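The block underneath contains the structure these notes are about, expressed in C-alpha coordinates.
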Amino acid sequence: MKRSIKIVLSCIPALTVTLFGIFVGVRSIKISKCDEAVPLTKNQEQELVAFLEHNYAERYQILKNLPYSLSETKLELGCESAILIDTSNGNILYEKNADEIIPPASMTKLFSMYVVDDAISQGKLNYDTEIIPPKESWACNMPPHSSLMFLGKNQKLTVAELLSGLSVASGNDAAYALAYTLYGNMEDFVSAMNAVSETYGLSNTHFVESSGYSELNQTTAREMATFSTVYINQHPESLKNFHGLQSFAYPKQKNLTNGYRVASQDFSQGLPETITMTITQRNTNPLLGIMDGCDGLKTGYIDESGYNLALTARRHGTRFLSVTMKGPGNNPKEGNEWRKKDGSTLMEWAFKSFADFNDMTRVKPYFLRSKGGKEIGVNLVPAFNPKSISVPFIYGDNIQESLQNVKVVTEIPDYLPEEILLGTEYGKVYFTLNEFILDSVPLVADRNVKKAGILIRAADEIIFHLK
(Lines give C-alpha, C1' and ligand atoms only; values in the text may rest on other atoms or scores of the structure.)
Protein backbone atom coordinates (compact mmCIF):
# COMPACT_ATOMS: atom_id res chain seq x y z
CA MET A 1 0.00 0.00 0.00
CA LYS A 2 2.78 2.41 0.98
CA ARG A 3 4.70 1.47 -2.16
CA SER A 4 1.65 2.27 -4.30
CA ILE A 5 1.27 5.68 -2.69
CA LYS A 6 4.92 6.46 -3.31
CA ILE A 7 4.56 5.52 -6.98
CA VAL A 8 1.48 7.79 -7.37
CA LEU A 9 3.21 10.69 -5.62
CA SER A 10 6.26 10.33 -7.79
CA CYS A 11 4.06 10.60 -10.90
CA ILE A 12 2.29 13.80 -9.85
CA PRO A 13 4.94 16.25 -11.09
CA ALA A 14 5.12 14.56 -14.45
CA LEU A 15 1.34 14.40 -14.66
CA THR A 16 1.03 18.05 -13.70
CA VAL A 17 3.52 19.05 -16.34
CA THR A 18 1.69 16.96 -18.91
CA LEU A 19 -1.71 18.39 -18.02
CA PHE A 20 -0.32 21.93 -17.99
CA GLY A 21 1.28 21.28 -21.37
CA ILE A 22 -2.08 20.16 -22.73
CA PHE A 23 -3.70 23.27 -21.23
CA VAL A 24 -1.07 25.50 -22.85
CA GLY A 25 -1.65 23.80 -26.19
CA VAL A 26 -5.41 24.23 -25.99
CA ARG A 27 -5.01 27.85 -24.89
CA SER A 28 -2.57 28.50 -27.74
CA ILE A 29 -5.00 27.09 -30.30
CA LYS A 30 -7.83 29.15 -28.83
CA ILE A 31 -5.74 32.31 -28.99
CA SER A 32 -4.55 31.66 -32.55
CA LYS A 33 -8.09 31.06 -33.80
CA CYS A 34 -9.47 34.22 -32.19
CA ASP A 35 -9.15 37.16 -34.56
CA GLU A 36 -11.87 39.44 -33.22
CA ALA A 37 -13.06 40.68 -29.86
CA VAL A 38 -16.27 39.61 -28.18
CA PRO A 39 -18.92 42.21 -29.16
CA LEU A 40 -19.52 44.91 -26.58
CA THR A 41 -22.71 44.80 -24.57
CA LYS A 42 -25.10 47.73 -24.81
CA ASN A 43 -23.86 49.04 -21.45
CA GLN A 44 -20.24 48.74 -22.57
CA GLU A 45 -21.02 50.65 -25.77
CA GLN A 46 -22.64 53.44 -23.76
CA GLU A 47 -19.65 53.59 -21.39
CA LEU A 48 -17.25 53.82 -24.33
CA VAL A 49 -19.21 56.60 -26.08
CA ALA A 50 -19.52 58.58 -22.84
CA PHE A 51 -15.80 58.24 -22.14
CA LEU A 52 -14.75 59.37 -25.62
CA GLU A 53 -17.15 62.32 -25.77
CA HIS A 54 -16.02 63.50 -22.34
CA ASN A 55 -12.28 63.03 -22.74
CA TYR A 56 -12.00 64.12 -26.39
CA ALA A 57 -14.80 66.68 -26.34
CA GLU A 58 -13.12 69.24 -28.59
CA ARG A 59 -12.65 66.73 -31.39
CA TYR A 60 -16.38 65.94 -31.36
CA GLN A 61 -17.37 69.59 -31.83
CA ILE A 62 -18.66 70.77 -35.21
CA LEU A 63 -16.00 73.49 -35.40
CA LYS A 64 -12.58 72.96 -33.87
CA ASN A 65 -9.10 74.42 -33.81
CA LEU A 66 -6.46 73.05 -36.16
CA PRO A 67 -4.66 70.09 -34.53
CA TYR A 68 -1.30 71.71 -35.29
CA SER A 69 0.16 75.20 -34.94
CA LEU A 70 1.03 77.57 -37.77
CA SER A 71 2.28 81.13 -37.74
CA GLU A 72 -0.49 83.73 -37.35
CA THR A 73 -2.10 84.78 -40.62
CA LYS A 74 -2.81 88.46 -41.21
CA LEU A 75 -5.41 89.19 -43.88
CA GLU A 76 -6.71 92.60 -44.87
CA LEU A 77 -10.50 92.51 -44.51
CA GLY A 78 -13.05 95.30 -44.50
CA CYS A 79 -15.65 93.43 -42.44
CA GLU A 80 -15.71 93.63 -38.64
CA SER A 81 -16.25 89.92 -38.07
CA ALA A 82 -15.17 86.84 -40.04
CA ILE A 83 -14.36 83.15 -39.87
CA LEU A 84 -13.03 80.61 -42.37
CA ILE A 85 -13.35 76.84 -42.01
CA ASP A 86 -12.74 73.55 -43.78
CA THR A 87 -16.24 72.03 -44.01
CA SER A 88 -15.10 68.40 -44.18
CA ASN A 89 -13.63 68.45 -40.69
CA GLY A 90 -14.71 71.76 -39.14
CA ASN A 91 -11.14 73.02 -38.73
CA ILE A 92 -10.98 76.77 -38.15
CA LEU A 93 -8.37 78.23 -40.50
CA TYR A 94 -8.86 81.92 -39.73
CA GLU A 95 -11.02 84.12 -37.54
CA LYS A 96 -11.54 87.79 -36.73
CA ASN A 97 -13.91 88.90 -33.94
CA ALA A 98 -15.89 85.75 -34.69
CA ASP A 99 -17.95 85.93 -31.48
CA GLU A 100 -19.39 89.42 -31.95
CA ILE A 101 -23.19 89.27 -31.84
CA ILE A 102 -24.64 90.70 -35.06
CA PRO A 103 -28.04 90.40 -36.78
CA PRO A 104 -27.73 87.78 -39.53
CA ALA A 105 -30.17 89.63 -41.82
CA SER A 106 -31.11 87.35 -44.74
CA MET A 107 -28.59 84.66 -43.74
CA THR A 108 -31.50 83.80 -41.42
CA LYS A 109 -33.12 82.16 -44.44
CA LEU A 110 -30.61 79.30 -44.23
CA PHE A 111 -32.32 78.21 -41.02
CA SER A 112 -35.69 78.49 -42.76
CA MET A 113 -34.45 76.21 -45.54
CA TYR A 114 -33.07 73.74 -43.00
CA VAL A 115 -36.45 73.49 -41.26
CA VAL A 116 -38.16 72.89 -44.62
CA ASP A 117 -35.55 70.30 -45.66
CA ASP A 118 -36.13 68.46 -42.39
CA ALA A 119 -39.88 68.48 -43.00
CA ILE A 120 -39.28 67.04 -46.47
CA SER A 121 -37.03 64.28 -45.09
CA GLN A 122 -39.81 63.44 -42.59
CA GLY A 123 -42.36 63.15 -45.42
CA LYS A 124 -44.48 66.12 -44.34
CA LEU A 125 -44.21 67.58 -47.86
CA ASN A 126 -41.95 67.31 -50.89
CA TYR A 127 -40.31 69.59 -53.44
CA ASP A 128 -43.21 69.10 -55.86
CA THR A 129 -45.92 69.96 -53.33
CA GLU A 130 -48.04 72.77 -54.82
CA ILE A 131 -49.17 75.61 -52.60
CA ILE A 132 -51.18 78.81 -52.92
CA PRO A 133 -49.26 81.72 -51.39
CA PRO A 134 -51.04 82.74 -48.17
CA LYS A 135 -52.10 86.38 -47.95
CA GLU A 136 -49.49 87.03 -45.24
CA SER A 137 -46.79 86.25 -47.83
CA TRP A 138 -47.97 88.41 -50.72
CA ALA A 139 -45.30 90.85 -51.87
CA CYS A 140 -47.66 93.78 -51.36
CA ASN A 141 -47.81 92.92 -47.65
CA MET A 142 -44.05 92.79 -47.13
CA PRO A 143 -42.04 95.68 -45.60
CA PRO A 144 -41.10 98.41 -48.12
CA HIS A 145 -37.81 97.94 -49.98
CA SER A 146 -37.39 94.34 -48.80
CA SER A 147 -36.13 91.57 -51.07
CA LEU A 148 -38.94 89.73 -52.87
CA MET A 149 -39.66 86.89 -55.26
CA PHE A 150 -43.00 88.63 -55.99
CA LEU A 151 -45.64 86.29 -54.61
CA GLY A 152 -49.23 87.38 -54.99
CA LYS A 153 -52.88 86.54 -55.23
CA ASN A 154 -54.02 84.12 -57.97
CA GLN A 155 -50.71 82.26 -58.02
CA LYS A 156 -49.64 78.70 -57.35
CA LEU A 157 -46.14 77.27 -57.10
CA THR A 158 -44.13 74.34 -55.76
CA VAL A 159 -42.05 74.15 -52.61
CA ALA A 160 -38.96 73.89 -54.85
CA GLU A 161 -39.86 77.20 -56.50
CA LEU A 162 -40.32 78.80 -53.10
CA LEU A 163 -36.88 77.58 -52.01
CA SER A 164 -35.39 78.92 -55.24
CA GLY A 165 -36.99 82.31 -54.66
CA LEU A 166 -35.73 82.25 -51.09
CA SER A 167 -32.13 81.36 -51.95
CA VAL A 168 -31.63 83.24 -55.25
CA ALA A 169 -33.74 86.39 -54.80
CA SER A 170 -33.61 86.27 -50.98
CA GLY A 171 -37.39 86.72 -51.02
CA ASN A 172 -38.86 87.72 -47.70
CA ASP A 173 -42.24 86.80 -49.13
CA ALA A 174 -40.92 83.29 -49.80
CA ALA A 175 -39.78 83.00 -46.17
CA TYR A 176 -43.25 83.93 -44.95
CA ALA A 177 -44.93 81.56 -47.41
CA LEU A 178 -42.85 78.62 -46.20
CA ALA A 179 -43.56 79.44 -42.55
CA TYR A 180 -47.32 79.70 -43.03
CA THR A 181 -47.47 76.69 -45.35
CA LEU A 182 -45.60 74.41 -42.96
CA TYR A 183 -46.88 75.62 -39.57
CA GLY A 184 -49.84 77.88 -40.30
CA ASN A 185 -48.23 80.78 -38.47
CA MET A 186 -44.89 82.50 -37.98
CA GLU A 187 -44.51 81.80 -34.26
CA ASP A 188 -44.38 78.00 -34.52
CA PHE A 189 -42.06 78.09 -37.53
CA VAL A 190 -39.66 80.37 -35.66
CA SER A 191 -39.82 78.01 -32.68
CA ALA A 192 -38.65 75.25 -34.99
CA MET A 193 -35.77 77.46 -36.18
CA ASN A 194 -34.75 78.20 -32.60
CA ALA A 195 -34.96 74.49 -31.77
CA VAL A 196 -32.38 73.86 -34.49
CA SER A 197 -30.18 76.50 -32.92
CA GLU A 198 -30.47 74.81 -29.52
CA THR A 199 -29.76 71.39 -30.98
CA TYR A 200 -26.34 72.53 -32.16
CA GLY A 201 -25.51 74.56 -29.06
CA LEU A 202 -25.73 77.96 -30.72
CA SER A 203 -26.29 79.95 -27.56
CA ASN A 204 -25.95 83.36 -29.26
CA THR A 205 -28.25 82.57 -32.17
CA HIS A 206 -31.94 83.42 -31.81
CA PHE A 207 -34.73 84.37 -34.21
CA VAL A 208 -38.00 86.30 -33.95
CA GLU A 209 -39.08 85.88 -37.60
CA SER A 210 -37.98 83.78 -40.58
CA SER A 211 -36.87 86.30 -43.22
CA GLY A 212 -34.06 88.10 -41.41
CA TYR A 213 -35.66 91.53 -41.79
CA SER A 214 -35.82 92.10 -38.05
CA GLU A 215 -32.77 93.47 -36.23
CA LEU A 216 -33.84 91.36 -33.22
CA ASN A 217 -32.60 88.22 -34.95
CA GLN A 218 -29.06 87.56 -33.76
CA THR A 219 -26.05 85.31 -34.33
CA THR A 220 -22.25 85.37 -34.56
CA ALA A 221 -19.91 84.54 -37.43
CA ARG A 222 -18.74 81.44 -35.55
CA GLU A 223 -22.25 80.15 -34.90
CA MET A 224 -23.42 80.90 -38.43
CA ALA A 225 -20.40 78.97 -39.73
CA THR A 226 -21.21 76.11 -37.35
CA PHE A 227 -24.76 75.91 -38.62
CA SER A 228 -23.77 76.37 -42.28
CA THR A 229 -21.35 73.45 -41.97
CA VAL A 230 -24.15 71.24 -40.64
CA TYR A 231 -26.50 72.46 -43.36
CA ILE A 232 -24.05 71.81 -46.20
CA ASN A 233 -23.06 68.38 -44.92
CA GLN A 234 -26.63 67.24 -44.25
CA HIS A 235 -28.25 68.78 -47.34
CA PRO A 236 -25.53 68.98 -50.03
CA GLU A 237 -28.17 68.77 -52.77
CA SER A 238 -29.37 72.26 -51.81
CA LEU A 239 -26.17 73.77 -53.20
CA LYS A 240 -26.86 72.49 -56.70
CA ASN A 241 -30.65 72.78 -56.58
CA PHE A 242 -30.94 76.23 -55.03
CA HIS A 243 -27.89 78.15 -53.83
CA GLY A 244 -25.89 77.58 -57.01
CA LEU A 245 -28.62 78.92 -59.30
CA GLN A 246 -27.42 82.11 -60.96
CA SER A 247 -30.87 83.52 -61.69
CA PHE A 248 -34.57 82.96 -61.05
CA ALA A 249 -37.63 84.10 -63.01
CA TYR A 250 -41.09 84.38 -61.41
CA PRO A 251 -44.02 84.27 -61.91
CA LYS A 252 -44.27 82.30 -65.13
CA GLN A 253 -47.48 81.41 -66.93
CA LYS A 254 -47.72 78.07 -65.11
CA ASN A 255 -47.79 79.97 -61.79
CA LEU A 256 -50.88 82.03 -62.65
CA THR A 257 -54.43 80.89 -61.93
CA ASN A 258 -58.01 82.01 -62.54
CA GLY A 259 -57.39 82.91 -66.17
CA TYR A 260 -54.60 85.39 -65.57
CA ARG A 261 -51.91 85.66 -68.24
CA VAL A 262 -48.31 86.86 -68.02
CA ALA A 263 -48.33 90.61 -68.72
CA SER A 264 -46.25 93.68 -67.91
CA GLN A 265 -47.27 95.86 -64.95
CA ASP A 266 -46.56 99.30 -63.53
CA PHE A 267 -45.24 99.13 -59.95
CA SER A 268 -44.60 102.87 -59.58
CA GLN A 269 -47.63 103.28 -57.33
CA GLY A 270 -46.88 100.22 -55.24
CA LEU A 271 -47.25 96.48 -55.65
CA PRO A 272 -50.71 95.11 -56.53
CA GLU A 273 -52.18 92.01 -54.89
CA THR A 274 -52.05 90.12 -58.19
CA ILE A 275 -48.64 90.09 -59.88
CA THR A 276 -48.56 88.86 -63.48
CA MET A 277 -45.26 90.23 -64.77
CA THR A 278 -42.37 87.75 -64.97
CA ILE A 279 -39.40 89.23 -63.11
CA THR A 280 -35.94 87.74 -63.56
CA GLN A 281 -33.47 88.27 -60.72
CA ARG A 282 -29.80 87.37 -60.41
CA ASN A 283 -28.55 85.53 -57.37
CA THR A 284 -27.70 88.00 -54.61
CA ASN A 285 -24.34 86.21 -54.07
CA PRO A 286 -21.92 88.47 -55.98
CA LEU A 287 -19.22 85.77 -56.32
CA LEU A 288 -21.46 83.17 -57.93
CA GLY A 289 -20.31 82.62 -61.50
CA ILE A 290 -17.16 84.67 -60.85
CA MET A 291 -15.20 82.71 -58.27
CA ASP A 292 -13.97 79.27 -59.34
CA GLY A 293 -15.95 76.55 -57.52
CA CYS A 294 -18.37 78.92 -55.77
CA ASP A 295 -21.84 77.39 -55.37
CA GLY A 296 -23.34 79.22 -52.40
CA LEU A 297 -24.36 80.24 -49.92
CA LYS A 298 -26.30 83.34 -48.75
CA THR A 299 -26.10 87.10 -48.43
CA GLY A 300 -27.71 89.33 -45.84
CA TYR A 301 -28.18 93.04 -45.26
CA ILE A 302 -30.04 95.33 -42.93
CA ASP A 303 -28.73 98.63 -41.59
CA GLU A 304 -27.91 97.08 -38.21
CA SER A 305 -25.89 94.17 -39.68
CA GLY A 306 -23.98 95.73 -42.53
CA TYR A 307 -23.21 93.55 -45.55
CA ASN A 308 -23.07 89.86 -44.54
CA LEU A 309 -22.06 86.88 -46.65
CA ALA A 310 -21.93 83.14 -45.98
CA LEU A 311 -19.74 81.93 -48.84
CA THR A 312 -18.66 78.45 -49.92
CA ALA A 313 -16.57 77.07 -52.76
CA ARG A 314 -15.16 73.65 -53.70
CA ARG A 315 -12.03 72.87 -55.71
CA HIS A 316 -10.14 69.59 -56.19
CA GLY A 317 -12.25 67.82 -53.57
CA THR A 318 -11.78 70.46 -50.85
CA ARG A 319 -14.60 72.74 -49.68
CA PHE A 320 -14.15 75.87 -47.60
CA LEU A 321 -16.76 78.11 -46.05
CA SER A 322 -16.40 81.67 -44.82
CA VAL A 323 -18.76 83.98 -42.99
CA THR A 324 -18.16 87.71 -43.12
CA MET A 325 -20.37 90.11 -41.14
CA LYS A 326 -20.70 93.87 -40.72
CA GLY A 327 -19.11 94.45 -44.09
CA PRO A 328 -18.72 98.13 -45.06
CA GLY A 329 -20.54 100.01 -47.78
CA ASN A 330 -22.71 103.12 -48.13
CA ASN A 331 -24.95 101.50 -50.74
CA PRO A 332 -25.58 98.05 -52.26
CA LYS A 333 -22.91 98.53 -54.94
CA GLU A 334 -20.21 99.34 -52.40
CA GLY A 335 -21.43 96.61 -50.06
CA ASN A 336 -21.23 94.00 -52.80
CA GLU A 337 -17.75 95.11 -53.77
CA TRP A 338 -16.61 94.59 -50.20
CA ARG A 339 -18.37 91.24 -50.04
CA LYS A 340 -16.47 90.16 -53.15
CA LYS A 341 -13.17 91.53 -51.87
CA ASP A 342 -13.37 89.98 -48.41
CA GLY A 343 -14.79 86.70 -49.69
CA SER A 344 -12.11 86.41 -52.37
CA THR A 345 -9.33 87.26 -49.91
CA LEU A 346 -10.40 84.47 -47.57
CA MET A 347 -11.15 81.83 -50.19
CA GLU A 348 -8.13 82.37 -52.41
CA TRP A 349 -5.83 82.29 -49.39
CA ALA A 350 -7.50 79.07 -48.22
CA PHE A 351 -7.14 77.27 -51.55
CA LYS A 352 -3.49 78.34 -51.86
CA SER A 353 -2.71 77.31 -48.30
CA PHE A 354 -4.68 74.12 -47.56
CA ALA A 355 -6.08 70.97 -49.15
CA ASP A 356 -7.88 67.93 -47.75
CA PHE A 357 -6.24 64.54 -47.24
CA ASN A 358 -9.15 62.08 -47.19
CA ASP A 359 -7.61 58.60 -46.82
CA MET A 360 -8.78 57.60 -43.34
CA THR A 361 -8.53 53.83 -43.88
CA ARG A 362 -5.94 53.47 -41.11
CA VAL A 363 -8.22 55.14 -38.58
CA LYS A 364 -10.17 52.02 -37.61
CA PRO A 365 -10.48 49.48 -34.78
CA TYR A 366 -7.52 47.13 -34.31
CA PHE A 367 -7.96 43.78 -32.55
CA LEU A 368 -5.15 43.01 -30.12
CA ARG A 369 -4.70 39.96 -27.90
CA SER A 370 -4.31 40.33 -24.18
CA LYS A 371 -1.50 38.44 -22.36
CA GLY A 372 -3.04 37.14 -19.16
CA GLY A 373 -6.43 38.84 -19.40
CA LYS A 374 -9.82 37.27 -18.77
CA GLU A 375 -10.69 38.04 -22.40
CA ILE A 376 -8.41 36.82 -25.17
CA GLY A 377 -8.38 40.24 -26.82
CA VAL A 378 -10.05 43.62 -27.16
CA ASN A 379 -10.40 46.31 -29.81
CA LEU A 380 -8.30 49.43 -29.87
CA VAL A 381 -10.70 52.02 -31.28
CA PRO A 382 -10.03 55.55 -32.55
CA ALA A 383 -10.69 58.16 -29.87
CA PHE A 384 -12.33 60.20 -32.64
CA ASN A 385 -12.84 59.74 -36.36
CA PRO A 386 -11.49 62.61 -38.48
CA LYS A 387 -13.16 62.78 -41.86
CA SER A 388 -10.13 64.47 -43.37
CA ILE A 389 -6.90 66.26 -42.53
CA SER A 390 -6.41 69.91 -43.48
CA VAL A 391 -2.96 69.76 -45.07
CA PRO A 392 -1.01 73.07 -45.06
CA PHE A 393 1.31 74.22 -47.82
CA ILE A 394 4.63 73.58 -46.06
CA TYR A 395 6.31 71.21 -48.52
CA GLY A 396 7.19 71.28 -52.22
CA ASP A 397 6.18 73.86 -54.79
CA ASN A 398 2.40 73.88 -54.29
CA ILE A 399 -0.36 72.65 -52.04
CA GLN A 400 -1.05 69.58 -54.18
CA GLU A 401 2.57 68.45 -53.76
CA SER A 402 2.19 68.82 -50.00
CA LEU A 403 -0.97 66.74 -50.19
CA GLN A 404 0.72 63.94 -52.15
CA ASN A 405 3.51 63.63 -49.57
CA VAL A 406 1.33 63.01 -46.51
CA LYS A 407 2.32 59.77 -44.77
CA VAL A 408 0.18 57.68 -42.42
CA VAL A 409 1.92 55.64 -39.70
CA THR A 410 0.19 53.28 -37.27
CA GLU A 411 1.88 52.40 -33.99
CA ILE A 412 0.39 49.55 -31.96
CA PRO A 413 1.99 47.01 -29.58
CA ASP A 414 2.22 43.28 -30.23
CA TYR A 415 -0.21 42.52 -27.40
CA LEU A 416 -1.98 44.14 -24.45
CA PRO A 417 -1.35 43.64 -20.71
CA GLU A 418 -3.29 41.31 -18.44
CA GLU A 419 -5.38 44.11 -16.93
CA ILE A 420 -6.91 46.69 -19.26
CA LEU A 421 -8.79 49.88 -18.44
CA LEU A 422 -11.45 51.34 -20.72
CA GLY A 423 -10.11 54.32 -22.66
CA THR A 424 -6.43 53.65 -21.96
CA GLU A 425 -4.33 54.68 -24.96
CA TYR A 426 -2.28 51.77 -26.33
CA GLY A 427 -1.57 52.97 -29.87
CA LYS A 428 -1.75 55.87 -32.29
CA VAL A 429 -2.25 56.75 -35.94
CA TYR A 430 0.01 59.58 -37.11
CA PHE A 431 -0.44 61.80 -40.17
CA THR A 432 2.85 63.44 -41.08
CA LEU A 433 4.29 65.71 -43.74
CA ASN A 434 8.07 65.92 -43.95
CA GLU A 435 8.34 64.98 -40.23
CA PHE A 436 5.72 67.62 -39.33
CA ILE A 437 2.86 65.98 -37.42
CA LEU A 438 -0.44 67.12 -38.95
CA ASP A 439 -2.63 65.09 -36.62
CA SER A 440 -2.62 61.99 -34.47
CA VAL A 441 -5.51 59.78 -33.44
CA PRO A 442 -5.15 57.83 -30.17
CA LEU A 443 -6.20 54.17 -30.26
CA VAL A 444 -7.83 53.30 -26.95
CA ALA A 445 -9.16 50.15 -25.30
CA ASP A 446 -12.88 49.73 -25.86
CA ARG A 447 -13.57 47.97 -22.52
CA ASN A 448 -12.29 46.99 -19.10
CA VAL A 449 -10.60 43.58 -18.78
CA LYS A 450 -9.56 42.01 -15.47
CA LYS A 451 -6.52 39.79 -15.20
CA ALA A 452 -7.10 36.07 -15.44
CA GLY A 453 -6.22 33.40 -12.89
CA ILE A 454 -2.66 32.26 -12.29
CA LEU A 455 -2.98 29.24 -14.61
CA ILE A 456 -4.03 31.32 -17.65
CA ARG A 457 -1.42 33.99 -16.90
CA ALA A 458 1.30 31.31 -16.70
CA ALA A 459 0.14 29.70 -19.94
CA ASP A 460 0.01 33.07 -21.76
CA GLU A 461 3.51 33.88 -20.53
CA ILE A 462 4.79 30.80 -22.31
CA ILE A 463 2.65 31.27 -25.44
CA PHE A 464 3.59 34.92 -25.98
CA HIS A 465 7.24 34.23 -25.17
CA LEU A 466 7.40 31.53 -27.84
CA LYS A 467 5.89 33.96 -30.36
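Remember, predicted model here, so these are calculated numbers, not experimental data.
Residues satisfying the salt bridge (Lys or Arg N to Asp or Glu O under 4.0 Å) test with K96, not counting sequence neighbours, are none. Residues satisfying the side chain to side chain donor-acceptor pair (under 3.5 Å) test with N217, not counting sequence neighbours, are E209. Considering only residues two or more places apart in sequence or on other chains, N379 meets the side chain to side chain donor-acceptor pair (under 3.5 Å) condition with none of them. With sequence neighbours left out, F150 forms a ring-ring contact (aromatic ring centres under 6.0 Å, His included) with no residue at all. With sequence neighbours excluded, no residue satisfies salt bridge (Lys or Arg N to Asp or Glu O under 4.0 Å) with R314.
Heavy-atom contacts from other residues, nucleotides or ligands closer than 6.0 Å to CG of N331 number more than 12. Open room surrounds CD on E76; 12 or fewer heavy atoms of other groups in view lie less than 6.0 Å from it.
With S402 contributing its side chain and Y395 its backbone, the two residues share a donor-acceptor pair below 3.5 Å. At least one donor-acceptor pair closer than 3.5 Å links the side chain of E223 to the backbone N or O of S203. Judged by distance alone, the side chain of S88 and the main-chain N or O of S388 form no donor-acceptor pair under 3.5 Å.
Using a 4.5 Å cut-off on side-chain heavy atoms (C-beta onward), L380 and L416 make contact. Between L422 and L48 the shortest side-chain heavy-atom distance falls below 4.5 Å. For the pair S164/Y250, no side-chain contact is recorded, criterion being any heavy-atom separation below 4.5 Å from C-beta on.
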Note to self: Between S147 and N172, is the side chain to side chain donor-acceptor pair (under 3.5 Å) condition met? List the steps.
What the structure shows: CA-CA 6 Å; S147 301; N172 290 356; 5.4 Å; no
Passes side-chain contact (heavy atoms from CB on, under 4.5 Å), L166 versus L178? Steps please. CA-CA 9 Å; L166 190 75; L178 288 167; 3.9 Å; yes
Give the C-alpha distance, both sets of side-chain angles, the deciding distance and a yes or no for side-chain contact (heavy atoms from CB on, under 4.5 Å) between L66 and D86. CA-CA 10 Å; L66 279 169; D86 183 335; over 6 Å; no
Run the numbers on Y127 and F242 for ring-ring contact (aromatic ring centres under 6.0 Å, His included), then give the verdict.
CA-CA 12 Å; Y127 289 127; F242 306 115; 5.7 Å; yes
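K428 and E425 are joined by a salt bridge, as a carboxylate oxygen and a charged side-chain nitrogen come within less than 4.0 angstrom of each other. With respect to K371 and D414, no salt bridge is recorded, no charged nitrogen being found less than 4.0 Å from a carboxylate O. One finds a salt bridge joining R447 and E375 here, because a Lys/Arg side-chain nitrogen approaches an Asp/Glu carboxylate oxygen to under 4.0 Å. Between K42 and E45 there is no salt bridge, since no side-chain N of the basic residue sits under 4.0 Å from a carboxylate O of the acidic one.
To the nearest 0.5 Å, the span separating CG on D439 from OG1 on T432 amounts to 11.5 Å. Between the CD1 atom of I420 and the NZ atom of K451 there is a distance of 13.5 Å, given to the nearest 0.5 Å. For the atom pair T158 OG1 and K254 NZ, the distance stands at 6.5 Å (nearest 0.5 Å). From I102, atom CD1 reaches atom CD of E215 across 14.5 Å, with rounding to the nearest 0.5 Å.
For F320 and W349, the gap between ring centers reaches or exceeds 6.0 Å. Ring to ring, F393 and F351 are not that close: their centroids are 6.0 angstrom or more apart.
A cation-pi contact, defined as under 6.0 Å to the ring centre and within 45° of the axis, links K364 to Y366.
The aromatic rings of Y231 and F227 lie parallel to each other, with less than 30° between the two planes, well short of the 60° mark. The aromatic rings of Y301 and Y307 lie parallel to each other, with less than 30° between the two planes, well short of the 60° mark.
Sorted by first then second residue, the salt bridge (charged side-chain N to carboxylate O under 4.0 Å, His left out) pairs that include residues 345-357, not counting sequence neighbours, are R315-E348.
With P104 as reference, M224 is the one residue of K298, M224, K109 to meet the side chain to side chain contact (heavy atoms under 4.5 Å, CB included) rule.
A donor-acceptor contact closer than 3.5 angstrom is absent between the side chains of S247 and R282.
Taking every heavy atom of both residues into account, K64 and N89 meet most closely at NZ-O, 2.6 Å.
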